[in-house]
Amino acid sequence: MGLFIAQLLTGLANAATLFLVASGLSLIFGVTRIVNFAHGSFYMLGAFAGYSLMQVLPGAIGFWASVLLSGLIVGVIGVIVEILVLRPVYKAPELFQLVATFGVILVIQDLALMIWGAEDLLGPRAPGLKGVVRIMGEPVPKYDLALIAITPFVLFGLWYLITRTRVGVLVRAATQDREMVAALGVNQSWLFTGVFFLGAALAGLGGAIQLPKGGADLLMDFNILAAIFVVVVIGGMGSLPGAYIAAVLISVLNVFGVSYLPQSTLVLMFVVMAVVLTIRPYGLLGREEVVGEHGQVGEPERPIKPAGTKARLLVGALLIALLALPAVGSHFLVILATDIIIFCLFAASLHFLLGLGGLVSFGHAAYFGGGAYVAGLLVTHAHAPMELAFLLAPVGAGLAAVIVGWLCLRLTGVYFAMLTLALAQLLWSLVFQWDEFTGGDDGLVDIWPASWLSESNSYFYFTVIVGVGGIILLRHIAHSPFGYALRASRDSQRQAEATGINTKRVQWMAFTLAGALAGVSGALFVFSKGSVFPNELEIAKSFDALIVVFLGGVKTLSGGVVGAASLELVKDYLTRFEYWRLTLGLLIIVVVILAPHGIVGSLRKLYDKVFGSNDDPDSTGLNTPGTTQSRDMPGGVSGGGVS
Amino acid sequence: MRQWVMFVLELTGVNSFYGKAHILRDLGFSIQAGEVVSLLGRNGAGKTTTVKSIMQLVSPASGEVTFDGQSLTHLPTHRVAKLGIGYVPEERRIFTDLTISENLEVGRQPPRDGVFEWTQDIVFELFPNLAERRNNRGKALSGGEQQMLSIARTLMGNPRLLLLDEPSEGIAPVIVEQMAQTILKLKSEGLPVLLSEQNLHFAKIVSDRAIIIEGGLKKYDGAFAELESQPEIRDAYLSV
Amino acid sequence: MNGEVATDISNAVLAVQGLSKSFGGIHAVTDVHFQIAKGELLAMIGPNGAGKTTCFNMLMGQLSPTNGSVFLMGENITGMKPRKVWRKGVGRTFQITGTYQSMTVIENIQMALISHHRKLYSIRPYATRLYREEAMSLLELVGMAEQAERACAILAYGDLKRLELAIALCHQPQLLLMDEPTAGMAPRERIALMQLTADIVQEKNLSVLFTEHDMDVVFAHAHRVMVLNRGQLIANGSVEQIRHDATVREVYLGGGSVFADETVGDVRA
Amino acid sequence: MKMKKSVVAIVMAAVVAVGLMGTSQATFAADPIKIGEINHYKRMAAFAGPYKNGIELALGEINDAGGVIGQPLEFIYRDDQGKPGEAIKIAEELVSREGVAMLTGTILSNVGLAISSFAAEKKVVYLASEPLADGLVWEKGNDYTFRLRASTYMQAAMLAEAAAKTDAVKYATIAPNYAYGKDAVAAFKKALTALRPDVEFVAEQWPAVFKIDAGAEVQALERAKPDAIYNVTFGGDVAKFVREGTTRGLFDGRHVYGLLTGEPEYLEPLADEAPEGWTVTGYPWYDFEEGANKVFVDAYMAKYDESPKIGSLVGYMTAQSIAAAITRAGSTDMEALRTAFIGLDVDTPIGAIQFREQDHQSTMGAFVGTTTVVDGKGVMVDWSYKDGASYLPSDEEVAKLRPASN
């Protein structure tokens with residue numbers, strides 16, 4: 001019994017940090033609709049700032065002052081990020097901002113390395129709270145009790161702010177319809193900035209307050225990211241009490257998991273999430289989201305046309321250039337081109353889902369890595385020949401996509417995105433920890449191609465045929481009745497259903513197809529590298545694909561491919577430099593600001609500007625109600641809200 | 001009792017675009033104190049764009065909008081609202097997750113010199129059926145009630161001028177009649193109103209003057225009564 | 001309840017019996033009965049929140065009724081999914097247009113035709129070459145042939161409404177459900193759209209059920225009018241009967257000052 | 001608004017440009033022998049930095065002495081972001097574009113395994129400097145891969161030897177839940193039960209790497225009431241574990257064995273909270289009073305004005321080993337180089353080591369000692385150097401573990 005209570009208390013204490021950071025994320029998402037990938041970075045900065053302050057400020061007062069100051073400092077950093085990076089892109093298509101926040105992650109990683117160095121910093125202990133209290137004979141650290149006591153006050157304070165004050169009313173109103181709030185005389189941009197300050201400050205506070213239980217290191221940002229996404233989704237997006245309950249639930253279950261299922265670490269959290277979302281798709285306290293066309297808000301995509309003669313010639317010329325590469329280019333250029341084509345196919349498969357289907361998957365790496373692992377496992381355990389493994393890889397990845405798609409497509413918008421992320425993480429943690437079968441972190445090695453492909457040049461040709469073939473296949477499908485049905489389901493699910501289209505089935509099939517093709521790219525990958533490791537299933541890999549699709553241009557068919565090729569080339573160049581993450585991060589932010597329609601989209605706009613376009617300039621279509629989706633969802637996409 | 005100091009809204013040579021589409025072409029008119037003016041025209045004629053151009057929700061490419069002598073052009077929308085221009089959008093756009101009281105709170109602005117100061121109680125007097133549901137969420141309201149709430153919310157900002165964009169759209173005739181009474185009441189107390197409308201019957205009841213636009217160009221600006229004597233204009237642009 | 005004779009359901013294009021829907025404890029629609037005959041233009045009017053949209057959604061399958069049944073040509077379609085109802089021969093237009101913004105005008109029609117011809121899962125390019133002639137003739141029907149290749153996103157509002165009408169006609173429906181077809185339109189456009197609808201109804205011998213707030217439109221075009229208030233059918237009769245019904249005037253029409261005070265017969269001529 | 005946007009963009013572009021300029025590469029002497037060094041310079045900067053310093057120290061000495069076979073030796077350092085796939089790509093580039101003589105590097109075992117597989121496929125010599133996975137030279141060993149550092153098995157066996165001398169019977173283990181942790185626990189169990197068949201393992205805790213829930217882990221270990229604890233956690237995890245364990249009294253009256261815990265990389269961040277009385281493997285650079293070890297430490301501190309880590313020593317020995325192999329081969333011919341590594345003897349700060357013929361594992365050993373806190377810093381005392389050769393399985397066993405080399 002004593003142990004039970006002690007474990008419960010440990011769980012509650014662990015929930016404190018998780019809640020602080022997650023509530024900030026939830027708040028920012030609720031109001032600005034921005035999925036702030038950089039939230040983990042704010043948390044990390046809070047820890048580093050707190051550490052430095054605690055070196056200077058002595059005693060108990062100094063300690064707590066440092067915690068508060070860290071929150072303040074990180075809040076101010078959040079404000080700077082909001083003003084410099086996000087404000088210029090608020091008008092960009094929905095979710096484009098998340099690319100900018102990814103740039104922020106890279107910048108902060110390198111800045112933190114420059115300022116605080118590479119070594120892990122062990123957090124100072126809280127003065128006056130170093131010891132333990134015996135509760136029913138079990139030792140409970142005093143600091144744990146302090147954390148348990150503080151959190152409800154923070155929760156209450158936030159709840160009061162949001163539900164009982166004028167600022168809170170304005171924030172909630174802005175969550176729903178920013179423009180209307182402005183039209184009623186409220187300076188909503190400062191309201192946003194304020195919310196960003198508060199959200200970032202909470203993350204910073206979370207970072208500082210965990211110092212006595214941990215420390216500050218450069219891996220903190222990504223380490224907490226999945227956990228806080230899970231908390232926010234389980235609690236219900238935008239719900240603060242929900243975030244608290246979810247943080248407690250996850251933390252307490254985790255503590256018991258550690259004792260009774262010691263190998264369950266990592267997996268448990270995602271299993272809890274899957275269970276909760278199966279029963280309550282919008283989280284414990286979340287409300288059903290108004291169906292919004294994510295990724296497609298703003299200017300609608302232009303009608304697509306079969307490629308013209310010029311475009312065909314251009315693609316043909318590119319293909320010939322590719323095929324001639326081994327003859328004229330260096331060996332390394334061939335290797336680089338192989339990598340780029342593989343990544344392009346991966347990005348194109350996500351683009352198919354995201355651009356044409358409006359289905360934003362945050363966990364697309366699951367199928368890339370999935371395909372690679374299916375092939376790798378077949379070779380390793382069944383000694384399958386390369387050809388068979390290669391054929392079965394997309395089948396395996398497609399099967400995974402069938403299951404994940406079925407679970408996720410019951411949700412829409414950001415809930416859909418978050419659930420794809422969580423399920424991808426579940427797959428990752430399985431692969432990572434089930435090492436008897438998957439090799440765990442040591443991965444699967446010696447997965448080399450069959451002898452007829454073992455030469456880099458022949459493998460390159462193989463990659464060109466399969467990779468470019470896959471991309472062309474996706475393009476053809478985009479022009480097929482099925483591709484049209486997919487776009488119709490995205491443009492107006494209501495109309496599509498009312499004209500006999502089973503939109504869920506269409507989306508499910510698209511999800512499966514995209515998964516299978518990602519699996520093909522994964523298979524190409526594994527045989528080109530000869531090995532596969534769990535990091536090919538990681539969040540960062542999924543983010544890579546997301547970023548290139550957005551950077552390339554969601555609303556253009558070639559966006560994914562162009563984005564992927566550009567980023568791979570830039571990365572190949574930049575990674576030779578010491579602070580390449582800083583540079584790449586800034587580069588991403590610059591592109592996001594200057595080309596809010598993605599590279600292809602913005603180039604096309606520029607082209608139109610210079611050479612004119614076919615659109616009827618006298619059209620008055622946009623002047624009227626109902627022509628845009630805005631009446632469906634005033635002020636962009638609504639959902640959850642802050643409560 | 002309620003009193004409004006005299007303000008004048010003036011548009012001169014306004015050109016507005018939506019993307020590449022040229023919506024308003026050299027549009028100019030003014031609204032005097034105490035006047036209710038109807039802005040009439042076909043769908044797509046530019047009525048909503050006119051209202052949005054005043055609010056700076058659409059930024060005019062050229063021309064000027066002034067209010068009480070101050071230029072509104074390129075001001076942020078919230079500053080326009082702060083100057084005392086109350087905007088009721090055509091989609092009503094109430095905050096459905098907030099209660100009626102909270103909706104009104106969002107609209108509340110500090111008192112303004114020489115302008116009647118609205119409070120929730122006074123607003124509820126004007127719209128009694130909102131009063132009884134003040135703690136209900138906006139999503140529970142019917143379309144007519146939402147329209148009322150949208151107007152009430154704007155009044156909470158103590159406006160010096162009211163912009164109503166198609167308030168009768170999609171509302172039962174009996175409610176439209178009630179709304180006409182409300183507008184007439186506000187008018188009798190001196191609040192100037194610019195009303196963008198498709199419903200001629202309704203516009204005729206509440207307004208003195210009509211401005212007709214077509215393809216973003218002003219085609220008529222004069223008393224409603226005189227419109228009757230100019231059937232060619234009425235039939236060409238309004239056609240009832 | 002009204003003058004309608006409760007005939008055999010199989011004779012009516014649409015027969016609705018005892019339709020009810022409650023959300024939580026709130027009765028949105030209570031015990032509604034009506035029928036639509038072939039070639040009939042039936043208007044459903046009533047204050048906001050009277051249950052018109054709920055009714056519509058139950059007919060089309062977006063909502064399943066708490067009680068009651070819906071028969072289409074004698075077949076019970078209660079609770080069928082929208083896409084099944086559509087395949088049975090019901091077309092629908094929306095109050096807020098639901099066109100495919102990323103496609104051209106003609107592709108919007110082709111999409112519906114692809115669905116009608118059950119080619120949805122074909123992955124052979126190019127969709128845009130399928131059923132072009134059929135689509136073109138529909139566009140001609142609604143007078144939009146010249147705009148066939150324009151992007152749907154830049155259409156004027158009235159044209160969008162016409163496009164939606166053409167989409168709804170793709171599968172040669174028996175019945176058309178139109179939810180506030182003229183909402184947001186100027187008076188002249190309203191008349192034109194309803195005139196177009198009336199002509200098509202006559203030519204194809206269709207039946208139409210529509211909701212509408214513009215009494216000018218209702219009184220000019222409806223063959224018969226139903227009035228819904230607080231979820232209940234309070235009147236069902238000819239235009240003249242409805243116009244002078246005291247209850248309807250009280251709950252809905254009011255003093256009649258905001259619509260034309262007599263039926264404008266000549267508009268339809 | 002438009003203007004503001006572009007101003008922000010221009011400022012950022014300028015910063016980008018400056019960032020690129022500031023990092024442009026220096027020029028090198030003509031005709032050096034190039035070695036491709038792949039590591040996780042960003043992801044594991046705290047480990048990779050001292051390691052690189054160690055290499056540079058050795059290179060300075062080698063080149064000052066005239067290089068190898070008459071040519072200067074040069075390392076090309078590349079960051080793989082900790083991703084095996086990226087490491088393979090870089091390996092390809094180093095071999096094909098830079099024309100490196102051989103490959104070396106990596107800390108993480110998985111990246112090491114990936115490069116090792118690549119090395120066998122493309123017939124390039126790879127010296128795995130730091131990765132510890134046993135599989136690297138055994139189950140997944142190949143002709144082209146050699147490993148310098150004492151493997152997980154060797155170090156675990158050293159601790160097991162110490163543990164076997166106590167009367168503790170009930171053991172609990174805590175290790176990160178991935179391949180390295182599992183290897184380390186399995187090796188310890190195997191070695192210890194071989195010496196003491198009577199011990200039993202009463203609890204196994206598997207925290208996720210770098211995501212330890214220390215309070216819960218301590219409670220779970222306490223629940224099992226073990227006589228002794230074997231710890232494999234490292235980095236930030238071990239710091240959190242030590243702090244929670246000390247606070248909650250987990251270590252009171254128990255033997256604790258910590259794999260790598262005595263390495264400066266892990267001990268230094270703990271400062272005065274370093275655990276006391278743990279038996280650990282590590283690197284007591286502060287205690288050397290004479291000999292090659294002392295010379296190395298002094299040279300290192302003179303050059304970098306900071307104390308060496310175990311990584312510094314490994315880096316130094318890596319460069320030494322490669323120089324020795326090239327000298328022995330007399331050329332940079334790949335096959336000659338590979339043959340030169342087999343049975344290669346290298347003289348290093350910690351004594352002579354040999355790259356064994358049977359499994360390509362070097363006989364580099366480890367320092368085993370007891371932790372304590374001196375002047376607010378964690379240090380090892382009562383340490384001794386254990387020669388790696390004594391902690392490897394018998395040749396027959398190795399032959400069984402290592403599949404027939406291709």
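Each chain gets a letter, A, B and so on, in the order its sequence line appears, and its residues count up from 1.
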Part of A:Thr338 within contact of chain D (heavy atom distance under 4.5 Å) = neither
ask   = Tell me, side chain or backbone of A:Phe525 under 4.5 Å from chain D's heavy atoms, or both, or neither?
value = side chain
key: D:Glu244 portion near chain A, given a 4.5 angstrom heavy-atom threshold   = side chain
key: chain D contact via A:Ile335 - which portion, at a heavy-atom distance below 4.5 Å   = side chain
key: Residue part contacting chain D, namely of A:Gln109, when any heavy atom lies under 4.5 Å   = neither
inquiry  = Heavy-atom cut-off 4.5 Å, strictly under: side chain, backbone, both or neither for A:Ser259 against chain D?
reply    = both
query = Checking heavy atoms, do the side chain of D:Arg243, its backbone, both or neither come under 4.5 Å from chain A?
reply = both
query = Given that the side chain runs from C-beta out, which part of A:Lys142 has a heavy atom under 4.5 Å from chain D: side chain, backbone, both or neither?
reply = neither
query = Which atoms of A:Asp339 come close to chain D, meaning under 4.5 Å heavy atom to heavy atom: side chain ones, backbone ones, both, or neither?
reply = side chain
inquiry  = For D:Gln81, which atoms come within 4.5 Å of any heavy atom of chain A: side chain, backbone, both, or neither?
reply    = side chain
note = Whatever's closer than 4.5 Å to a heavy atom in chain D on A:Leu219 counts as side chain
message = Report which part of A:Leu336 has an atom under 4.5 Å of a heavy atom belonging to chain D: side chain, backbone, both, or neither.
response = side chain
ask   = Is the distance between the ring centroids of D:Phe118 and D:Tyr144 less than 6.0 Å?
value = no
message = Taking side chain as everything from C-beta outward and backbone as N, CA, C, O, which of these in A:Asp442 sits under 4.5 Å from a heavy atom of chain D? Side chain, backbone, both or neither.
response = both
query = Taking the six-membered ring for Trp, are D:Phe47 and D:Tyr266 parallel (under 30°), tilted (30 to 60°) or perpendicular (over 60°)?
reply = tilted
key: Short side-chain donor-acceptor distance under 3.5 Å, D:Ser109 and A:Asp441   = no
